[in-house]
Novice: 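Before I ask anything, let me first share the structure, which is written out below as structure tokens.
We use all heavy atoms of the structure for the numbers below, so side chains are in, but hydrogens, waters and symmetry mates are not. Please read these numbers as outputs of a predicted model, since none were measured by experiment. Residue numbering restarts at 1 for every chain, and letters A, B, ... go by the order of the sequence lines.
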Protein chains: 2
Amino acid sequence: MKETTLKQIAETLGISITTVSKALKNYPDVSAKTRNAVLELAKNLHYTPNSFAVNLRTKESRTIGLIIPEVVHHFFSNVINGIIAEAEKHGYLVIILQSNESMELEKKQVELLLNKRVDGIIISLSNESNGDEHIKEIMRREIPFVQFDKIAKLIPSSKVIINDQKAAFEATEHLIKKGCRKIAHIRGPVNPQNAIDRFLGYKKALEQYQIPFDSKLVYTCQNVTFEEGKTFAKQILEEHPDVDGLFVITDLVAVGVLAHFNEVNIAIPEQVKIIGFSNWFMSQVITPKLSTVDQPSYEMGLKAFELLLEEMNARKDGKPFVARTVELLTKIIERDSSK
Amino acid sequence: MKETTLKQIAETLGISITTVSKALKNYPDVSAKTRNAVLELAKNLHYTPNSFAVNLRTKESRTIGLIIPEVVHHFFSNVINGIIAEAEKHGYLVIILQSNESMELEKKQVELLLNKRVDGIIISLSNESNGDEHIKEIMRREIPFVQFDKIAKLIPSSKVIINDQKAAFEATEHLIKKGCRKIAHIRGPVNPQNAIDRFLGYKKALEQYQIPFDSKLVYTCQNVTFEEGKTFAKQILEEHPDVDGLFVITDLVAVGVLAHFNEVNIAIPEQVKIIGFSNWFMSQVITPKLSTVDQPSYEMGLKAFELLLEEMNARKDGKPFVARTVELLTKIIERDSSK
DNA sequence: ATATATATCGAAAACGTTTTCGAAAACACC
DNA sequence: GGTGTTTTCGAAAACGTTTTCGATATATAT
């Protein structure tokens, strides 16, 4: 029941371990005869190289690490999908860790991956995190490293992002063009770059169309949940019953808003028009169907791995590597909630 | 920029590698003085053991493999969540692979994981798969192995399941008790055990309440998608306009059904009552809210890892190991679609 | 025949750790 | 000062692979 090794093959064939290894790896300096003998015996014994030994020798494991805030999340699970698909295509496996939006956990997990000596790391920062020591440590060790979506701008790694500010601008503009004049914004938490950028985009759109900005109309999520959407919907109705437009940080929260509005019979889109962000699946299923900003999640994962692969290959060949930032395009999707 | 090794520490301290190793692992046969010297130097040099070498020496990697049909799936992403949370707690990392419901891919991925020499494997079978050679190979090699949800009954590994037949029975019974007398069933694909069991549960409930079973009322999914739900909804209305109850293999498809019924203004639950399966998040968000069967997905992941850990530990200690099957409880959730 | 080129092989080092086992040193006791 | 015990250390093997480099052996050319 023992695993087959090069040694065993060598001994039964009466040749050296070296030759067996070379035969299996198609080195030119082994005769066709011995090569065939080795290949056949290896096949019969179901030989597969011991990856632990290969890792030690070659100093790489063909495994990368991925840290994301939440697995159960339409956007992130699509990204995961893109990453593992592309990674598998290139012979890499993916270890997935979840930071639960906690900086402390994220720190531990970076450490775990570094100790594990993965060949590269892809990360989307937790809301609490922003280019802290553990992220810098990755750069210091020169581990191939890609950030996506929630990034630390100042860390000079490769990045895959969308233009959050532009997308938010367009979403807000969409509401304005539909006739909204008093537009509230439910924004994400204070820290994450994309929440900030989306807020700025919202503000910029108001400016451009000469609608006065009112900070009272901006509500800030803590946990970015369905329940928060419901709560804010209620609060908005109480504090600003004349709001006629609403741009929400993400569909999950927007759906919470819709749920509450439905409960209290607010007419949508007649009284209030709503647009979300990220194009979650359920947004096309809810009544009324939610307008949103489409974000190419699968493609983001794919690109993130591509960039990582670039860096891994460059470093292997000792070539200089310059970080790249890829910006993917978003698209306004108009549905019933803003008609 | 080189990594610190035991050798370096040993040389700068003028002692042997052996002693350094022992000091770091708290062996009793090293004096307090040398131990402290080692510990301090190790800390200063940021020493972390080279996991590749440790893997080779100890023959374990503290990494497990997980193969699931689809990452972007409410049920499965919750399971992933449970598994990686529990694994991390016990110092294990998780490599995730996705079979895309393809047996061919699943086969390749099992091979990948075996070659990688993971310490254990957790799997939920693809629809095309059912205890074929690649699964048997895992057992043959005596790799710790747990199946969950979509299992091959005849493979004697540990398993985490729900009682699909009983749950389906209860779902159907629920419709009957609400007054339904002509109940259709949209079932899953032909192969998977849980689709079969749910179908059997449906049939059994009809029998028990003396409602004649009619195979014309059973529709079989190919891909288990939202679109399929819409298609079947249309088909059912055409072929059996007097259907008054509908039990659907999973919420995603049931939501598709609801979407079509909403479009053509079928009154739900008045004309047709519907119940789904798995309690997807969106089911409480759609109008009308979908009744369903709650399935403890996170807990399934957690239990799956627990069982795997049991086997990994037993095998490490050379103890005999007997596979266990854990059955988790389901619960009918009554919402508006079956009121 | 000699010299040169080519084809085929294997010894050995290296990757960095863990663990066994024996040796040396220190201590205790009478 | 001899004997026995305990403490502390290190040599060496082992895990299984990859790769360098030198050694043969064979073929080619002069």
Novice: Heavy atoms under 4.0 Å, any strand shown: does A:Thr5 hit a base, just sugar-phosphate, or nothing?
Specialist: sugar-phosphate
Novice: Can you confirm whether more than 12 heavy atoms, excluding those of A:Lys316, are under 6.0 Å from its NZ atom?
Specialist: yes
Novice: Assign each of A:Ile17 and B:Asp29 to its nearest nucleotide of DNA chain D by heavy atoms, then name whichever residue's nucleotide is nearer the 5' end.
Specialist: B:Asp29
Novice: Do B:Ser99 and B:Gln109 come close enough that some side-chain heavy atom pair is under 4.5 Å?
Specialist: yes
Novice: Considering only heavy atoms of chain A and a distance under 4.0 Å, specify the first and last nucleotide of DNA chain C in 5' to 3' order that meet this criterion.
Specialist: C:dT8 to C:dG16
Novice: Rounded to 10°, tell me the angle between the two end axes of the helix from C:dA1-D:dT30 to C:dC30-D:dG1, each built from five pairs.
Specialist: 60°
Novice: Using modelled atom types only, decide if a donor and an acceptor are shared between the side chain of B:Arg62 and the backbone of B:His90 within a distance under 3.5 Å.
Specialist: yes
Novice: For A:Glu88 and B:Gln98, does a side-chain donor sit closer than 3.5 Å to a side-chain acceptor?
Specialist: no
Novice: Less than 4.0 Å between a side-chain N and a carboxylate O, is that true for A:Glu111 and A:Lys107?
Specialist: no
Novice: Using side-chain heavy atoms (C-beta onward) and a distance below 4.5 Å, is A:Met139 in contact with A:Pro156?
Specialist: yes
Novice: For a quick check of understanding: with a heavy-atom distance under 4.0 Å over all strands, which category does A:Lys25 fall into, base, sugar-phosphate or nothing?
Specialist: sugar-phosphate
Novice: Would you classify B:Lys22 as touching base, sugar-phosphate or nothing, given that sugar-phosphate means primed atoms plus P, OP1 and OP2, and contacts are heavy atoms under 4.0 Å?
Specialist: base
Novice: I want to check something: taking the side chain as every heavy atom from C-beta on, are A:Leu66 and A:Ile95 in contact at a cut-off of under 4.5 Å?
Specialist: no
Novice: Would you tell me whether A:Lys116 and B:Ser61 have side-chain atoms, one donor and one acceptor, within less than 3.5 Å of each other?
Specialist: no
Novice: Considering heavy-atom distances to DNA chain C, does A:Ile15 or B:Leu56 have its closest nucleotide positioned more toward the 5' end?
Specialist: A:Ile15
Novice: With a 4.0 Å cut-off on heavy atoms, is A:Ser31 in touch with a base, just the backbone sugar-phosphate, or nothing at all?
Specialist: sugar-phosphate
Novice: So what does B:Phe52 hit on the nucleic acid, given a heavy-atom distance under 4.0 Å: a base, only sugar-phosphate, or nothing?
Specialist: nothing
